[in-house]
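Working notes, structure below.
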2 protein chains.
Amino acid sequence: MVERLSHLDAVFGSLSDPTRRDILKRVSRKSMTVGEIATQYPLTFAAIAKHLNVLHRAKLISKERRGREQVVSIAPDTLLAASRYLETYQQLWEHRLDSLARFLKTTSTNSKGSR
Amino acid sequence: MVERLSHLDAVFGSLSDPTRRDILKRVSRKSMTVGEIATQYPLTFAAIAKHLNVLHRAKLISKERRGREQVVSIAPDTLLAASRYLETYQQLWEHRLDSLARFLKTTSTNSKGSR
DNA sequence: CTATTATTCAACCATATGGTTGAACGATTG
DNA sequence: CAATCGTTCAACCATATGGTTGAATAATAG
């Protein structure tokens, strides 16, 4: 099921860093080991490991040990939840705009161009 | 069109705080003054003003002076951009899952009636 | 002009974050 | 077992963040 809502802190916090978004992009195309990921950036191995921890705590990725390597994969459900969250806002303001449109329509037929 | 990509840092960073998400929720229903918003939280006026600044820099809200008050409204386009961004990830992994499904299908027809 | 209301700015504090280096751990290879 | 490869952990540093209080500004009311 969808996690407690405060989980969104971690999800959006993770997404606020460009390196982490880039890691997520790469991993969403193809699962990669921690080492493979680390070579793609001008940062230390440890820095990348930290970013992966952040993504893991937010449940945006999953890790699976394969021999001595650790394979990182994307965790689609969490992204879906975040996306759904933003959609609710869209619905809210779309509803508002609709209401405004209706309001303008009814008042313009009613009023004599006041204000 | 859609803002420079580093803008996403600010957008997701803004969304990572529960107070700011709540402000956004309230404002998405109805435009409010800074003062009205501030009374809704157990924080100082200044703290709320800071949160509004963060949201404003991320272009998630807009402010408009009305007399001595400042009216805060939601800025739908930015939310839409963030939502679209997450959707591209969904598409990426959906594509991956589709590919996997096709792969499994073709390999099973190749083999001798497995399953 | 003065007072009042609404908001912003500035200085400060505590904690979180993103980065580093170097040591430690876990699994495989010889 | 020892050596090695891949990864994690710990300590540390600089800067960012979220909060406070108190002073300063902006617009209206008297």
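Order of the sequence lines fixes the chain letters, A, B, ..., with proteins taken first and strands second; residue numbering starts at 1 for each chain. The figures that follow rest on heavy atoms only: side chains count, while hydrogens, waters and symmetry mates do not.
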Under 4.0 angstrom, heavy atoms only, what part of the nucleic acid is A:R20 near: base, sugar-phosphate, or nothing?
sugar-phosphate
Students often get this wrong, so: under 4.0 angstrom with heavy atoms, is A:A46 touching a base, only sugar-phosphate, or nothing?
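Base contact.
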Atom pair distance, as rounded to whole Å: [atom1] in [X] and [atom2] in [N]:
X: A:L55; N: D:dT7; atom1: CG; atom2: P; value: 16 Å
X: A:N53; N: D:dT8; atom1: CG; atom2: P; value: 7 Å
X: B:R66; N: C:dT7; atom1: CZ; atom2: P; value: 10 Å
X: A:R65; N: C:dC25; atom1: CZ; atom2: P; value: 14 Å
X: B:I23; N: D:dG18; atom1: CD1; atom2: P; value: 11 Å
X: B:R68; N: D:dG30; atom1: CZ; atom2: P; value: 9 Å
X: B:K50; N: D:dG22; atom1: NZ; atom2: C1'; value: 13 Å
X: A:Q70; N: D:dT8; atom1: CD; atom2: C1'; value: 9 Å

Taking for each residue the nucleotide of DNA chain D with the nearest heavy atom, is it A:L52 or B:I48 whose nucleotide lies nearer the 5' end?
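The 5'-side residue here is A:L52.
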Considering all heavy atoms of both residues, which atom of A:D9 and which atom of B:P18 are nearest to each other, and what is their separation?
OD2-CD, 3.4 Å
Is any side-chain heavy atom of A:Q40 less than 4.5 Å from a side-chain heavy atom of A:I23?
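Side chain of A:Q40 against side chain of A:I23, heavy atoms only: no contact under 4.5 Å found.
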Look at A:K63 and D:dT8 and indicate whether a side-chain polar atom (N or O) is within less than 4.0 Å of OP1 or OP2.
yes
Between CD1 on residue A:I48 and CG on residue A:L55, distance to nearest 0.5 Å
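Separation between the atoms: 10.0 Å.
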Where the side chain of [X] is defined as all heavy atoms beyond and including C-beta, which of [options] is the nearest nucleotide?
X: B:V54; options: D:dT20, C:dT7, D:dG18; answer: D:dG18
X: B:H51; options: C:dT7, C:dG19, D:dG19; answer: D:dG19
X: B:T44; options: D:dT20, C:dT20, D:dT7; answer: D:dT20

Does B:M32 belong to the same Ile/Leu/Val/Met/Phe/Trp/Tyr cluster as B:L24, with side-chain heavy atoms less than 4.5 Å apart forming each link?
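Same cluster: B:M32 reaches B:L24 through Ile, Leu, Val, Met, Phe, Trp or Tyr contacts under 4.5 Å.
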Could you tell me whether A:R65 atom CZ has more than 12 heavy atoms of other residues or ligands within 6.0 Å of it?
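It does: A:R65 CZ has more than 12 such atoms within range.
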